Each structure stands twice: as C-alpha cells, then as structure tokens.
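Fair warning: this is a prediction, and the values are worked out from it, not measured in the lab. All ligand and atom numbering here is 1-based and tracks the order in the structure.
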Amino acid sequence: MTGDHDNLFAKSRALTSGFRFDKEVVRVFPDMIARSVPGYELVVPMIGMLARRYAQPDSNIYDLGCSLGAASLAMSLAVSAEGVKISAIDNSEAMVKRFTGVVQNHTGGVPIEVRLENMVDTVINNASVVVLNFTLQFLDREQRQELIDRVAAGMCQGGVLIVSEKICFENEREQTDQTLWHHDFKRTQGYSDLEIAQKRNALEDVLRPETEAAHFERFYKAGLSRPRRWFQCFSFASYIAFK
Ligand code: GEK
C-alpha cells in the first residue's frame, strides 16, 4: 500500500506527547512503519507464510490491531485452506476507514472483514491463526494477560498465536546497545536526530515494551505452548506460540 512520506516529527513540536493513530498518521503510515521498524517488510510476508501453514479449513483468522491491513492482505493471498475468514480489527477510525476502502477493491484470496473495534472486546472463536503484529505493545499492561487468555481460549487445537513486538532488555548494557542500533537504523532511513527524539517522546507513554521473558510467561499462563522467537532485528521481535 502506498502513502505519503513521513515527516510528522520533522518540525519542532511543542507537544509531542499523546501519539494517536489519526488521519495524519494514516496518511504516512506505510512509510512510517517501514522506516521505523527494522524488519517490518520481512515480517509481513512471513506472517502470510506462517498463516498458510497453520490456517485450518473452516476456521477463523484474526488480525488484531490491523492498521492498514498489511498482515491481513498477506494472509489473504497466502492461505489456501478452504472456508477461512479473516477478521481485521482496529480501534482507529481513520485506519479502519482507509483499509475498508482497500478491501472493497481486493479480489481473490481469503475474505477479509474489517471492523472498528477495541481488540479487548473482540470475540475470538474457532481461531486457527491470531496475529498481533506490533499491537499488544499499545495495550495497557494490566489488560494484556486477559486478552491473551481470551485469545488462547478461542483458539482451536493446533492453532497459532503470532505476536510481534518492540521488546526491552533486562541487561542495561544490552538495552543501551539495542537503542543505539535502532536509532542508527532510523538514521539510515533518513530520519533526523530531532525526528527520532520527538517520535520517541511521543511514544513514551503509549508504547510500553516488555522483555521476551514477560511475553513467554504470559503465553504459558494462557495455556499456550512452545513459544518461539522466529524473528528479531535489534529490539523488534516476533514470536509464535501453539495451542
Ligand atoms: C501491521 N498490525 O501493519 N484495539 C484495536 N486496535 C488497537 C488497539 C486496541 N486496543 N490499540 C492499538 N491499536 C499492523 C501494524 S500498528 C503498529 C500495527 C505501529 C491499533 C492502532 O490503532 C494501530 O493501528 C495498531 O494497533 C498498531 O501489520 O504503529 O507501531
């Protein structure tokens, strides 16, 4: 999907707190996420590939926090099992509006239903694949276990949960190194030091990363097994866990 160049944080902003997925962000979103999340452009098609392997006939796929639907579209085109339906959920009106328009012109592949909904309210049932691609990190920490518990309860046997996140590190030195490397990546993508600093401030209270150990503990608590890290680039990782 195309969009404008992201220069939202290029000008000095008096107020850089309270990042919101509004119209302005939607306008630049594909550019913003590809230039901010190292590996995003690899993770998306790999989610399609994993969904192809684990989607079961006559089951549901959920893409929670779908934004403009990159993961949903990848899965829609990759999955070959019969009778599958994708529910793409986001609580940003601007995202849902834009993605609904895209889906109307999307022919072939697994059908996608786009819904404006808070994912904490999404009813999960008969799910063979559930994807949270860089979304759980935006939920209040207290709500995360409850959501993953409900997701796990709504998954069918052999179903998979795919969770991509910005993670943090227990080791202080590693945290410092990983942050430096991420900022170096953003510089290679053409972001200035001012943009990096202002985006960081804006996201501080909104995006709250956790350690890999915290994610694994949550998966086990929800009754999922064999959590695996299948991707990592600097502080961005993606995990899969099985029911
Ligand atoms: C992708 N998965 O391109 N309920 C529903 N949606 C939410 C909630 C919530 N409680 N909280 C945040 N969101 C996408 C990328 S972006 C990641 C996901 C990023 C939504 C929010 O509106 C936004 O669209 C998305 O989660 C996060 O594969 O911007 O770093």
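- Residue, atom and distance of the protein heavy atom nearest to atom 4 (N) of ligand 1 are Met119 N, 2.9 Å.
- Residue-level proximity to ligand 1 for Met32 is absent, since no heavy atom of it falls below 4.0 angstrom.
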Tell me, with the steps shown, if Asn125 and Asn60 meet side chain to side chain contact (heavy atoms under 4.5 Å, CB included).
CA-CA 7 Å; Asn125 63 59; Asn60 297 315; 3.2 Å; yes
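- Ranking the protein heavy atoms by distance from atom 10 (N) of ligand 1 puts Asn118 OD1, 2.9 Å first.
- When heavy-atom distances to ligand 1 are checked against a 4.0 Å cut-off, Val37 has no atom that comes that close, whether in backbone or side chain.
- The shortest N/O to N/O separation between Gly65 and ligand 1 falls below 3.5 Å.
- In this structure, Phe19 and Phe21 have perpendicular ring planes: the angle between them is above 60°, well past the 30° mark.
- Looking at heavy atoms from C-beta onward, Thr135 lies in side-chain contact with Met119 at the 4.5 angstrom threshold.
- Expressed to the nearest 0.5 Å, how far CG of Asp90 lies from CE of Met95 amounts to 6.0 Å.
- Of all protein heavy atoms, the one closest to atom 11 (N) of ligand 1 is Asn91 OD1, 3.9 Å.
- In this structure, of Phe21, Tyr40, Phe134, the residue bringing a heavy atom nearest to atom 17 (C) of ligand 1 is Phe134.
- Within the 4.0 Å heavy-atom cutoff, Val120 does not count among the residues contacting ligand 1.
- Near Glu117, the atoms of ligand 1 lying under 4.0 angstrom from a non-hydrogen atom of the residue are 4 (N), 5 (C).
- Nearest-residue assignment for atom 19 (C) of ligand 1 (options Phe236, Phe138, Phe19; heavy-atom criterion): Phe138.
- From the protein, the heavy atom lying nearest to atom 18 (C) of ligand 1 is Ser67 OG, 3.1 Å.
- Nearest to atom 22 (O) of ligand 1 among the protein's heavy atoms is Asp90 OD1, 2.6 Å.
- Heavy-atom separations between Lys166 and ligand 1 are all 4.0 Å or longer.
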Would you sort out whether Arg35 and Asp6 count as a side chain to side chain contact (heavy atoms under 4.5 Å, CB included), showing the intermediate values?
CA-CA 9 Å; Arg35 289 168 60 220; Asp6 168 29; 3.8 Å; yes
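- Of all the atoms in ligand 1, the ones that sit under 4.0 Å from a non-hydrogen atom of Met95 are 24 (O).
- Ligand 1 has an N or O atom lying under 3.5 Å from an N or O atom of Asn133, backbone or side chain.
- The part of Cys66 lying near ligand 1 is the backbone, judged by heavy-atom distances below 4.0 Å.
- The CG atom of Leu77 lies 6.5 Å from the CG atom of Leu73; values are rounded to the nearest 0.5 Å.
- Considering all non-hydrogen atoms of both residues, Phe231 and Gly39 come closest at CZ-CA, 3.6 Å.
- Those atoms of ligand 1 that come under 4.0 Å of a heavy atom in Leu139, given as number and element, are 10 (N).
- Atom 26 (O) of ligand 1 has Thr135 CG2, 3.5 Å as its closest protein atom, hydrogens excluded (heavy atom only).
- No side-chain donor from either of Ser235 and Gln178 sits under 3.5 Å from a side-chain acceptor of the other.
- Residues Phe134 and Ala237 share a closest heavy-atom pair of CE2-O, 4.4 Å.
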Residue pair Ser164, Asn133: steps toward the side-chain hydrogen bond (donor to acceptor under 3.5 Å, both in side chains) verdict:
CA-CA 5 Å; Ser164 311; Asn133 198 32; 2.6 Å; yes
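- Taking only nitrogen or oxygen atoms, main chain and side chain alike, Phe29 does not reach within less than 3.5 Å of ligand 1.
- Both the sub-6.0 Å distance and the 45° axial angle are satisfied by Arg226 relative to the ring of Phe242.
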Quick one, Glu165 with Tyr239, criterion side-chain hydrogen bond (donor to acceptor under 3.5 Å, both in side chains). Give me CA distance, side-chain angles, the key distance, then yes/no.
CA-CA 8 Å; Glu165 288 277 287; Tyr239 303 100; over 6 Å; no
